[in-house]
A.B. asks: 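Have a look at this one before I ask anything.
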Amino acid sequence: MIGEKMIAQVIVDVAAKQTDRIFEYNIPTALTDVTVGSRVVVPFGRRKVQGFVVGITDKTEYKGKLKDLLVVVDEMPPLTPELVELSAILAKKIFSYRITILQTMLPRVMKANYRKILTPIDKATAQLDLFSGEPIDLDEVTDLKKIVQIKKLIKTNKAKIEYLVENKAKKKEEFVYQPNLGAHVYPEIKTSLRKNAINQLALITDLIDNIASYPKTGKELQEQLHLNSAILKQAVEKGWLKRTKKETYRDPLAEVDTKNVPKDIVLNKDQENALNEINKAITAKKAQPFLLEGVTGSGKTEVYLHAIQKALASKRNALMLVPEISLTPQMVEQVKARFGSSVAVLHSGLSTGERYDEWRRIRRGEAQVVVGARSAVFAPLQNIGLIIIDEEHESSYKQEDNPRYHARDVALLRSKYHNCPVVLGSATPSLASRARAQKGNYQLLRLTQRANKKALPEVKLVDLKHVEFAGGQFDLSVELVDKIKEKIAKKEQVILLLNRRGFANFMLCRSCGYVMQCPNCDISLTMHKDTGMMECHYCGHKEPIPRKCPKCGETKIRFLGTGTQKVEEELKELIPASKILRMDVDTTRRKGSYKKILDQFGEGKADILLGTQMIAKGLDFPNVTLVGVINADTSLQVPDYNASEKTFDLLTQVSGRAGRADKKGEVMIQTYNPEHYAIQLAQNQDYESFYQKEMVVRHQGNYPPFFYTILISIASKNEQAAAKFAFVVKRKLMEQLHAPTIILGPTPSSIAKIKNQYFYQILVKYKKEDKLIPILHELQDEAQKIKKQGLNVYIDNEPERII
DNA sequence: AGCACGCCGACT
DNA sequence: GTCGGCGTGCTC
């Protein structure tokens with residue numbers, strides 16, 4: 001190829017329908033390291049933008065004159081050819097721009113910063129007060145007079161705009177020192193030193209005695225020899241030491257304690273069988289999806305860890321996804337204890353710097369095992385031999401905003417590329433996955449016994465329609481309160497679930513019936529007693545708690561709909577001696593507070609852990625013998641087709657928190673719907689019956705997994721405009737799609753207004769519809785045009801939530 | 001998405 | 001006459 005003109009195909013960093021395609025550039029001969037996956041800077045119109053090379057070619061269809069690539073940003077291309085290819089496949093599937101997907105594959109710091117700088121052309125201009133010696137950042141100029149002046153300068157050709165592309169990513173570097181002279185020279189230096197040069201003496205002595213331990217970092221030298229940086233600087237100047245820069249990594253696992261984790265656990269028969277099947281697929285390099293269905297406590301994690309071991313033993317790497325919420329130190333410790341420094345962790349708790357460093361370790365092949373939340377599915381791991389998705393039913397694997405990808409789908413695509421198995425694990429698999437296992441698309445593996453041989457906890461339903469309440473409120477039954485007291489007396493611990501934060505759900509005036517609403521959203525304001533505010537959980541609007549009705553002025557106002565804060569207060573009154581930890585979004589907002597609360601509970605510093613659904617998953621506290629669900633109905637009342645599934649999952653998962661060690665566990669579920677099948681079957685932890693029953697319901701309702709779904713949302717501040725355009729879209733769909741396809745809506749979404757925008761939705765349910773994808777891409781085209789009129793269109797392929 | 005070009009109404 | 005409002009079209 002030498003001597004031939006090479007051309008780079010680039011996806012530019014301009015997220016728009018019109019620019020969502022390849023632009024071609026000449027590769028100047030000076031740039032030798034341009035390959036597929038390179039991050040580059042290119043001229044684009046008048047500007048410079050970042051872009052990614054997705055192809056290299058030697059011929060072009062382009063009629064104009066190609067421009068040259070300007071810069072290759074990184075020494076190593078950040079994207080692998082696999083990820084470049086994956087971005088193209090995904091873009092078509094999820095109605096997202098390719099550049100948006102490429103950017104989500106990379107750490108946030110790799111997104112470019114753009115600046116416009118005004119620079120004077122002649123000396124006289126440079127002397128103007130405006131510049132005061134410095135170039136001007138045009139994005140920061142707000143003074144109108146200055147803007148006028150600047151425009152004039154540009155027009156008269158006295159100043160010009162320079163477009164800059166900045167790289168935010170900063171590598172952490174430290175200084176490394178090594179001997180600069182032969183070993184025999186240092187004793188000579190030692191004798192020539194003045195007696196009071198204690199620090200220099202210490203350094204030279206160390207160089208004589210421990211020369212083999214060099215090179216040392218500045219930090220090490222300073223700590224070991226109690227030196228300061230001035231001494232090191234001198235030593236370099238005198239030629240004793242040579243100083244170089246070395247890149248280091250910020251290590252998020254530095255504090256993780258790995259001592260107390262058991263390393264070798266004997267698998268039971270079920271686990272052994274499952275592992276064998278997975279291992280076979282690893283060895284055979286087969287892109288086989290497995291559904292690992294196992295009751296809570298059946299030891300799925302052990303199977304994962306053994307399978308990872310197998311992958312590593314076969315000289316291949318492993319990727320393990322867990323829901324953000326269960327990416328607890330407990331979990332990380334387990335993995336780290338097995339695989340040590342070959343583990344990299346990616347999750348939202350890391351600082352951007354830590355995240356970047358972990359990511360680079362993976363990219364360079366320095367990590368063999370990656371554990372992370374949703375976005376870790378894009379980890380630049382090569383030679384993957386195994387992908388694990390724990391708690392595969394979790395809806396957090398679906399990203400709720402653009403790009404709306406599902407980590408499970410991405411994992412399946414990657415497994416095909418790498419020819420490796422995917423293990424989807426859950427106690428309550430998603431109906432979609434379970435159905436695929438039924439059809440034989442996935443291989444079903446079952447763990448039927450709890451690893452510790454303990455019986456599942458006994459679950460009791462408390463029918464709130466016929467029950468005596470404690471303490472004059474209508475939240476806690478006497479039965480539940482008595483049980484809590486009994487456990488506390490035995491020095492055992494209790495977990496209480498209430499899937500609603502705040503103090504009270506809404507404020508009602510008994511005099512005029514007024515309910516206090518959010519001015520921006522179509523939803524009632526939640527009362528937060530601790531902050532003294534009425535808060536909107538959708539847009540964050542806050543206002544003080546009223547003392548009288550804002551409408552009629554009467555003081556007969558009531559706060560209804562119990563949240564975690566209120567239950568906390570009631571419990572303190574009913575069981576004054578109890579110590580309660582509350583865990584919800586409000587108490588875990590600060591970094592590290594999540595871990596802090598769990599640590600306190602684990603150390604037995606509290607009797608009751610009261611929280612929203614974030615306490616339902618994955619927690620493992622041996623002393624917890626009672627789990628109470630204060631209201632099982634909250635998640636049933638959601639108007640989503642999968643409300644039953646979510647309820648069943650939540651109840652089953654939270655029940656699994658009870659009795660994880662030697663002590664027997666008990667669960668009490670309070671509900672107004674004790675006859676509902678999701679609740680009944682959760683009582684028996686009977687996933688199989690739930691699956692059968694729910695499949696019938698879904699079949700009757702023409703819902704997934706029998707139909708594919710696409711949700712089109714149209715939002716605008718102008719309600720009529722949103723509704724009108726929604727009907728236009730519907731008409732278009734009706735004209736072009738054929739009979740078995742079902743088009744529902746448009747209807748206002750169940751919360752019709754969020755952040756001052758009205759939402760109208762159309763749900764398309766289809767089995768086979770070739771035209772749909774092109775039609776939706778057309779719609780996306782149109783969406784961009786009408787965006788200026790304040791109309792937003794969102795397309796969600798396989799939505800998890802239909803609000 | 002930006003940015004420029006161009007066309008039209010409203011001002012020094 | 002010029003300024004600046006926004007609609008339209010292009011970026012290798």
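In what follows, chains carry the letters A, B, and so on, assigned in the order in which the sequence lines appear, proteins first and then strands, with residues in each chain numbered from 1.
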A.B. asks: Pick base, sugar-phosphate or nothing for A:Lys116, based on heavy-atom distances below 4.0 Å to the nucleic acid.
C.D. replies: sugar-phosphate
A.B. asks: Are A:Gln103 and A:Asp13 linked by a side-chain donor-acceptor pair shorter than 3.5 Å?
C.D. replies: yes
A.B. asks: Send over the distance from A:Phe23 CZ to C:dT11 P, rounded to a whole Å.
C.D. replies: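 Taking CZ of A:Phe23 and P of C:dT11, I get 8 Å after rounding.
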A.B. asks: When you check the gap from the basic side-chain N to the acidic O, do A:Asp409 and A:Lys93 get nearer than 4.0 Å?
C.D. replies: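 Salt bridge flag = no for A:Lys93 with A:Asp409.
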A.B. asks: Check this for me, if you would: do A:Lys646 and A:Glu800 make a salt bridge, where the nitrogen-to-carboxylate-oxygen distance has to be below 4.0 angstrom?
C.D. replies: yes
A.B. asks: Rounding to a whole Å, what distance do you find between A:Asn26:CG and C:dC12:P?
C.D. replies: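 Value for this atom pair: 12 Å.
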A.B. asks: So what does A:Gln9 touch, heavy atoms closer than 4.0 Å: a base, only the sugar-phosphate, or nothing?
C.D. replies: nothing
A.B. asks: To the nearest Å, give me how far apart CD1 (A:Ile150) and P (C:dG4) are.
C.D. replies: 14 Å
A.B. asks: How many whole angstroms separate atom CZ of A:Arg21 from atom C1' of C:dC10?
C.D. replies: 9 Å
A.B. asks: Within this structure, what is the CD1-to-C1' distance between A:Ile154 and B:dC5, rounded to whole angstrom?
C.D. replies: 16 Å
A.B. asks: Pick base, sugar-phosphate or nothing for A:Tyr25, based on heavy-atom distances below 4.0 Å to the nucleic acid.
C.D. replies: sugar-phosphate
A.B. asks: Flag the pair A:Asp781 and A:Lys17 as a salt bridge only when some basic side-chain nitrogen lies within less than 4.0 angstrom of an acidic carboxylate oxygen.
C.D. replies: no
A.B. asks: In whole angstrom, what separates A:Gln50's CD from B:dA1's P?
C.D. replies: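 Distance check: A:Gln50 CD to B:dA1 P gives 18 Å.
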A.B. asks: Could you check how far CD of A:Gln784 sits from P of C:dT8, rounded to whole Å?
C.D. replies: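 For the pair A:Gln784 CD and C:dT8 P, the rounded distance is 14 Å.
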A.B. asks: When the distance from OH of A:Tyr163 to P of B:dA1 is rounded to whole Å, what number comes out?
C.D. replies: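 To the nearest whole Å, that distance equals 17 Å.
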A.B. asks: Under 4.0 Å between any heavy atoms, over every strand shown, what does A:Ala16 touch: base, sugar-phosphate, or nothing? Just pick one.
C.D. replies: base
A.B. asks: What contact category does A:Arg46 fall into here, base, sugar-phosphate, or nothing, at under 4.0 angstrom with non-hydrogen atoms?
C.D. replies: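 Answer is sugar-phosphate: A:Arg46 comes under 4.0 Å of backbone atoms only.
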A.B. asks: Whether A:Arg408 and A:Glu798 form a salt bridge (side-chain N of Lys/Arg under 4.0 Å from carboxylate O of Asp/Glu) is what I want to check.
C.D. replies: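 A salt bridge is absent here (no side-chain N lies under 4.0 Å from a carboxylate O).
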A.B. asks: Determine the contact category for A:Tyr114: base if any of its heavy atoms lies under 4.0 Å from a base atom, sugar-phosphate if only primed atoms, P, OP1 or OP2 are that close, otherwise nothing.
C.D. replies: nothing
